[in-house]
Amino acid sequence: MKKNVLIIGGGPSGLEAATILKKFNYNVILVERSSILGGHLAKWDRLFPYMEPAKETLDVLLSNIDGITIFKDTEVNSINLLDKSYNVILSNGITILADALLITTGFDLFQAEKKEEYGYGIYEKVITSAELEEYFKTLNNNKIDNPKKIGFVHCVGSRDEKAANRACSKVCCATAVKQACEIKEKYPDADVYCFYMDLRMFGRGYEDLYLKAQKDYAIRFIRGRVSEVSEDINKSLVIKAEDTLSSKPIRVTLDLLVLMSGMRPSSGGEKIKKMLNLMTEDDGFFSTKDSIYSLQHSKLAGLFYAGAATGPKTLPDSLHEARSAAIQIHNYLNN
Amino acid sequence: MIEFGFGISPSSRINLDDFDKEKWNKLVQIEPEILQCISCGSCCASCSGGVFQNVSLRSAILNIRNGKTDSAMELLKGCMLCGKCTMVCPRNINTRNLILSIYKTYSEK
Ligand code: SF4
Ligand code: SF4
Ligand code: SF4
């Protein structure tokens, strides 16, 4: 009889792992709490650093899902650890006896309104990186009305003890640089500023993207964290920061401000954590068995992780982890 | 009248709303490489003028971008155009040409 592998979370990691486990001839069941597959990727327009369309990337993942049992709009109600398997009850009433569990619950975006000093939800012209991405997709957002001066705030809800998150979210620097180029493409006359603390352009092609942003799009990078945003009588935004490279306070009036929301553990993951008493680190993401060789293993036999459930990751990182998890699960089920 | 020595100090704040875009665009046109500076400081570290005087290309570029062009010119006054900074700039900026272009653009009032 085929063994059952249950995957919790239908984002890129879950989809990629499901495809490979199916090829290994397991009975793969994937549970997704929302009505769409693809997680954050499904909401994105283009991907850094080479501007690939997110939709094409997702279509590749979705083209291989035949033969996988997928439950959308479905939550996990309970999980019981049996002798060598997990008894999982889903919100649609179905019970599954899983020989292995893979947790690909990913991340939620930091809620930008928590950084009240940036005025998200208070001032009209403050939006999040996710909303800007949606605008690139739909070209529809009444807050974006032919802006002439646009700012990007890096590290919103990341690297910030005041936001209860010391960690770097890894992808938002490259995303900000990408989005800065894209908005400049749409509004070539606009002045575009990025307020950063460090630019973390670590991946292949990222530094080229940074150079392009400087050279071809004339983006102004200002090293300094925005301290506060206020609104003037014309509904323009007044930004205060320090230009730390010249040790002087800096002020600029903008008509669009984009907040680079960081990655936080997903609420779906938190639920699973409580059900099985799973371990998390200080950053709130799941603990892995060790930090070098067993990044896909948990402390529980038969329970595996892939993707941003164990901390911020780029899309290619998450896909690698999904493939790695599929191999680890295969090894586990054959021992 | 007795002078107590009080006075109002001018604000040192950078106000990007007052930035002279026209002159800047002119400079970028003759030396577009200025856009590529990453404020690394290599130019200043290798600068022979900077050993004796307050010469700093890095700060000058920053000052221009912040609308403080007079301070920028001041920081390049001691430059001897030796070209050492051109040899070290990691962004491959033709710094010597840039310094001359800055002079050309901002010394005509
Ligand atoms: S990737 Fe950049 S913007 Fe994001 S948290 Fe890290 S340093 Fe900040
Ligand atoms: S050219 Fe001028 S700025 Fe450059 S190293 Fe020589 S003296 Fe310094
Ligand atoms: S060496 Fe080049 S990149 Fe570095 S501060 Fe000087 S001009 Fe800028």
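A, B, ... follow the sequence lines: proteins, then strands. Residue 1 opens every chain.
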[X] atom [atom1], over 12 foreign heavy atoms within 6.0 Å:
| X | atom1 | answer |
| --- | --- | --- |
| Lys137(A) | NZ | yes |
| Met51(A) | CE | yes |
| Glu116(A) | CD | no |
| Lys26(B) | NZ | no |
| Glu207(A) | CD | yes |
| Lys21(B) | NZ | yes |

Enter the distance from [X]:[atom1] to [Y]:[atom2] here, rounded to the nearest 0.5 Å.
| X | Y | atom1 | atom2 | result |
| --- | --- | --- | --- | --- |
| Gln214(A) | Arg91(B) | CD | CZ | 4.5 Å |
| Lys240(A) | Arg13(B) | NZ | CZ | 6.5 Å |
| Ile61(B) | Ser246(A) | CD1 | OG | 13.0 Å |
| Gln36(B) | Asp216(A) | CD | CG | 9.0 Å |

*Checking Ile222(A) against chain B: side chain, backbone, both or neither under 4.5 Å from a heavy atom?*
side chain
*Looking only at non-hydrogen atoms, find the nearest pair between Lys149(A) and Asp17(B) and report the distance.*
NZ-OD1, 3.1 Å
*If we only count heavy atoms from C-beta on, is the Arg58(B) to Leu245(A) side-chain gap below 4.5 Å?*
yes
*Considering only heavy atoms from C-beta outward, does the side chain of Arg251(A) approach that of Asn15(B) to under 4.5 Å?*
yes
*Given a strict heavy-atom distance threshold of 4.5 Å, which part of Asp18(B) is in contact with chain A: side chain, backbone, both, or neither?*
neither
*Side chain, backbone, both or neither: which part of Ser12(B) has a heavy atom under 4.5 Å from chain A?*
both
*Report yes or no: does Arg220(A) contribute a side-chain atom to a donor-acceptor pair with the main-chain N or O of Arg65(B) at less than 3.5 Å?*
yes
*Which residues from residues 178-204 of chain A are near chain B, with near meaning under 4.5 Å between non-hydrogen atoms?*
Asp189(A), Asp191(A), Tyr193(A)
*Sequence-distant partners of His320(A), ring pair (Phe, Tyr, Trp, His ring centres under 6.0 Å), two or more places apart*: none
*asked:* So which residue, Ile38(B), Val28(B), Ile34(B), Asn63(B), ends up with the most heavy-atom pairs under 4.5 Å with chain A?
replied: Ile38(B)
